[in-house]
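Whatever order the structure lists them in is the order used to number ligands and atoms, beginning at 1.
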Amino acid sequence: MTAIIEVSHLVKMFGDHAAVNDVSLSVEKGEVFGLLGPNGAGKSTTIKMLTTLLSPSSGRASVNGFDIVQQTTAVRHSLGYVPQALSADGNLTGFENLLIFAKLYDVPRAIRTQRINEVLSYVGLLDVGKQLVRTYSGGMIRRLEVAQSLLHQPSVLFLDEPTVGLDPIARQAIWDHLMDLRADSNMTIFVTTHSMEEADSLCTRIGIMHRGQIAVIGTPAELKANIGIENATLDDVFVHYAGDALESGGSYREASRARRTARRLG
Ligand SMILES: Nc1ncnc2c1ncn2[C@@H]1O[C@H](COP(=O)(O)OP(=O)(O)OP(=O)(O)O)[C@@H](O)[C@H]1O
Ligand SMILES: [Mg+2]
């Protein structure tokens, strides 16, 4: 087994606030690693450091064997990144958006059009490639952004909440594409999501992040088996490790318990 993402004691300070506080983890090639945690836990900050967009305050990490501080160019060539906020330009067509990124990623001019059409077709947008992105639905924009992140054939894909705000069919479409990628090219996927269902069914391993730290890492089955609740769901796991994150922590726990009871009764 080869670790393609290696993180060791990573810290990011904003002023005197440790947004990421001593995070260590490793992800093997071909895994779908899910980073879960409440709002403000430090998930996006972790991804931004691993993608070289933010420099760490201390600690080390490597992606595809390259150090995120010393070898930023090689790291950037190794990865694709889909940011949390929608980033495609609505005043350009899908094709034009991809062309900008093809140039940015140094895709050779001779194969740019071919590569763009390949990724458009991969995410099912070839038919609408010539339309302005502002005519796309949220799910189509997200698929375009996934396409964008694949132009330079990266070995690791970082996705920050790829399915937030999408309807169930659009979510499924995104995940189908990601699972195809993994099957076709053994792509390693590092993803954050607030959907416990998605994480449970699609991630090979999950890390739960809370207040800048990793509370626990394991397969979905391990996590559910280890919290002392019969027939635990990943919701239960989340509440177990991060349930005190909300000011109304107590009521969140109660709400979750009530839902669980309702489910058993239902
Ligand atoms: N550029 C910044 N300057 C100052 N503080 C920041 C900055 N970026 C993030 N933070 C803070 O760092 C903490 C972690 O934020 P981060 O965006 O990593 O959380 P997250 O886990 O991605 O949350 P969410 O689920 O809401 O996306 C938060 O307290 C946030 O306010
Ligand atoms: Mg975030």
Proximity of His17 to ligand 1 by residue part, where a heavy atom lies under 4.0 Å: side chain
Validation row: His177, Arg143 side chains within 4.5 angstrom (heavy atoms): yes
Proximal ligand 1 atoms for Gln84, defined as those under 4.0 Å from one of its heavy atoms: 27 (O)
For the student: nearest non-hydrogen atoms of Ala102 and Ile116, plus distance: CB-CD1, 4.3 Å
Under 3.5 Å: N/O of Thr46 near N/O of ligand 1: no
Geometric class of the Tyr105/His152 ring pair [parallel <30°, tilted 30-60°, perpendicular >60°]: parallel
Side chain proximity check, Leu157 to Leu181, heavy atoms < 4.5 angstrom: yes
Short N/O/S contact of Gln84 with the Mg ion (ligand 2) (below 2.8 Å): yes
Whether over 12 other heavy atoms sit under 6.0 Å from Arg205 CZ: yes
Close approach, Lys48 and ligand 1, non-hydrogen under 4.0 angstrom: no
Distance-only N or O hit between ligand 1 and Ala19, under 3.5 Å: no
Chi angles and distances behind the side-chain contact (heavy atoms from CB on, under 4.5 Å) call for Ile68, Val63: CA-CA 7 Å; Ile68 60 164; Val63 174; 4.1 Å; yes
Heavy-atom nearest neighbour in the protein, as seen from atom 16 (P) of ligand 1, with distance rounded to 0.1 Å: Thr45 OG1, 3.5 Å
Which of the ligand 1 atoms, numbered from 1, are nearer than 4.0 Å to a heavy atom of Glu161: 25 (O), 27 (O)
Shortest protein contact, atom 1 (N) of ligand 1 (heavy atom only): Phe14 CE2, 3.6 Å
Contact summary for Ser26 and Glu6, nearest pair of heavy atoms: CB-OE1, 3.1 Å
Atom 23 (O) of ligand 1: nearest protein contact (heavy atom, Å): Gly40 N, 2.8 Å
N, O or S from Ser44 under 2.8 Å to the Mg ion (ligand 2): yes
Nearest non-hydrogen protein atom, atom 26 (O) of ligand 1: Asn39 ND2, 2.9 Å
Under-4.0 Å heavy-atom contact between protein and atom 31 (O) of ligand 1: no
Exercise: identify the closest heavy-atom pair between Leu151 and Val107: O-CG2, 3.8 Å
Protein residue, atom and distance nearest to atom 17 (O) of ligand 1, heavy-atom basis: Ser44 CB, 3.7 Å
Non-hydrogen atoms of Thr193 and Glu161 that approach each other most closely: CA-CG, 4.4 Å
Any non-hydrogen protein atom less than 4.0 Å away from atom 6 (C) of ligand 1: yes
Residue-ligand contact His194/ligand 1, heavy atom below 4.0 Å: yes
Distance-only N or O hit between ligand 1 and Gly42, under 3.5 Å: yes
Verdict with supporting geometry, Asp200 and Lys224, salt bridge (charged side-chain N to carboxylate O under 4.0 Å, His left out): CA-CA 10 Å; Asp200 195 5; Lys224 287 184 280 188; 2.9 Å; yes
Neighbour count above 12 (heavy atom, 6.0 Å) for Glu197 CD: no
Top protein contact for atom 25 (O) of ligand 1, by heavy-atom distance: Lys43 NZ, 2.7 Å
